[in-house]
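Here is the structure we will look at.
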Amino acid sequence: MDNNHFPPGMVILVGAGPGDPDLLTIGALKIIKAAEVVVYDALVSQEIVDMIPAKAEKILAGKRGGGHSVKQEDITSLLVKFGKENRRVVRLKGGDPFVFGRGGEEACRLAEENIPFKVVPGLTSGIAGPAYAGIPVTHREVNANFAFITGHESLSNTSDKNPDDEHPSRIDWEGVARTFPVIVLYMAMRNVDSVRKRMLAAGRSTDTPVALIRWATTPRQQTLVTTLGKVSKDIKAVGMRPPAIMIIGNVVNYRDILKWFPDETLIPPEE
Ligand code: SAH
């Protein structure tokens with residue numbers, strides 16, 4: 001990427017990957033180095049934030065489940081404003097910008113405003129996170145498909161609807177439980193118990209293996225291995241908090257053979 005491919009006034013939505021700087025793409029790194037202003041999320045790891053050139057303006061516009069958050073409209077408007085100011089703008093997002101990261105909304109607004117933009121996909125935490133915990137999202141012997149679901153969706157039962165949610169549930173949990181042997185849940189901590197109940201109600205067994213991987217691919221990675229029957233209790237017992245990916249299905253069992261990542265903390269420690 002030379003500066004001709006990143007002219008002033010362009011906004012580039014860049015996926016930073018899940019955290020480990022080795023998982024940043026070469027394209028992403030070149031663009032970060034050429035940026036004049038970088039608007040980044042709370043999920044972007046510190047090592048990657050440290051790669052932003054000192055001369056560039058850095059703006060943390062992160063959203064973090066439960067914590068301080070900047071309104072999405074304000075973030076998008078900031079991108080539009082910087083674009084109109086003819087700066088080279090990078091919107092740096094955790095994982096892949098178009099996977100539950102509202103990158104789609106940001107890109108639509110840029111398109112509407114006629115601001116030139118590009119997208120640099122990143123490695124999504126729903127695949128890389130389990131991999132760093134020794135869990136393949138597919139294995140021939142287990143699954144021929146997998147589902148990516150956001151735990152942020154409000155649930156179909158209005159009584160457990162999250163007041164922050166703007167849309168009613170679009171997830172047919174019963175259908176999901178029946179169709180997908182492996183389910184990867186983003187923003188998992190929000191609705192774990194409702195998801196668990198729905199999976200069990202749809203006939204998934206209480207023994208179904210479940211793993212939660214927090215701060216995946218970073219030195220702070222924590223992994224909890226449990227089952228659909230015990231997941232809520234175990235989360236409480238170990239006090240696991242976001243950000244975490246939850247993976248449900250028999251692929252979790254491969255961890256016993258494939259666990260390779262040395263830096264994780266197991267909670268609770270495995271016997
Ligand atoms: N665009 C991102 C997802 C944004 S939604 C991606 O492609 O990965 C935010 C959710 O992503 C978090 O709540 C968490 O479930 C997940 N997530 C992102 N990075 C993570 C990491 N390093 N470890 C565990 N979960 C992560």
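In each ligand, atom 1 is the first atom listed, and ligand 1 is the first ligand listed. No experiment lies behind these values; they were computed from the predicted model shown. Note: hydrogens, waters and symmetry copies are ignored here, and every other heavy atom, side chains too, is used.
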What are the atoms of ligand 1, with element, lying closer than 4.0 Å to any heavy atom of M187? 5 (S), 9 (C), 10 (C), 12 (C), 13 (O), 14 (C), 15 (O)
Does I257, at its CD1 atom, have more than 12 non-hydrogen atoms belonging to other residues, nucleotides or ligands within less than 6.0 Å? yes
Any donor-acceptor pair under 3.5 Å linking the side-chain atoms of Q72 with those of T76? yes
Expected output: side-chain K118 to main-chain V14 donor-acceptor under 3.5 Å: no
Taking it one step at a time, do E105 and R109 satisfy salt bridge (charged side-chain N to carboxylate O under 4.0 Å, His left out)? CA-CA 6 Å; E105 284 159 70; R109 176 79 189 283; over 6 Å; no
Non-hydrogen atoms of G19 versus ligand 1: any pair closer than 4.0 Å? no
What closest approach, in Å, do G19 and S45 show between heavy atoms, and which atom pair accounts for it? O-OG, 2.6 Å
Can you tell me the protein heavy atom closest to atom 2 (C) of ligand 1 and the distance? G94 O, 3.2 Å
Please say whether V99 places an N or O atom under 3.5 Å from an N or O atom belonging to ligand 1. yes
What protein heavy atom lies closest to atom 14 (C) of ligand 1? Include the residue and the distance to one decimal. A244 O, 3.5 Å
Checking the N or O distance criterion of under 3.5 Å, is ligand 1 in contact with G101? no
Taking the side chain from R204 and the backbone from R198, do they hold a donor-acceptor pair closer than 3.5 Å? no
Any donor-acceptor pair under 3.5 Å linking the side chain of T124 with the backbone of I127? no
Ignoring hydrogens and geometry, is there a side-chain-to-backbone donor-acceptor pair from N145 to F180 under 3.5 Å? no
For ligand 1, is P242 a contact, meaning one of its heavy atoms is under 4.0 Å away? no
Side chain or backbone, does P97 bring an N or O within less than 3.5 Å of an N or O on ligand 1? no
Can you tell me the protein heavy atom closest to atom 23 (N) of ligand 1 and the distance? A216 N, 2.7 Å
If you scan protein heavy atoms around atom 25 (N) of ligand 1, the nearest is I245 CG1, 3.5 Å
Would you mind checking if R102 and E106 are paired as a salt bridge, meaning a charged N to carboxylate O distance below 4.0 Å? no
Nearest option to atom 7 (O) of ligand 1, as decided by whichever heavy atom of T150, I127, T124 sits closest: T124
Please classify the L43 to ligand 1 contact at 4.0 Å (heavy-atom distances, strictly less than): side chain, backbone, both or neither. side chain
Are any of the N/O atoms on P18, whether in the backbone or the side chain, positioned under 3.5 angstrom from an N/O atom of ligand 1? yes
Is the shortest N/O to N/O distance between L123 and ligand 1 below 3.5 Å? no
Given G151, S125, G129, which one has a non-hydrogen atom that is nearest to atom 26 (C) of ligand 1? S125
Do side-chain atoms of D20 reach the backbone of D22 as a donor and acceptor pair under 3.5 angstrom? yes
With heavy atoms of I213 as the reference, note each atom of ligand 1 found under 4.0 Å away. 24 (C)
Check for me whether T217 has a heavy atom closer than 4.0 Å to any atom of ligand 1. no
What protein heavy atom is closest to atom 4 (C) of ligand 1, reported as residue, atom name and distance in Å? F100 O, 3.5 Å
Using a 3.5 Å cut-off on N or O atoms only, is Y186 in polar contact with ligand 1? no
Is a side-chain N or O of R88 found less than 3.5 angstrom from the main chain of V37, in a donor-acceptor match? no
So F100 and Y186, would you call those rings parallel, tilted or perpendicular, with 30° and 60° as cut-offs? perpendicular
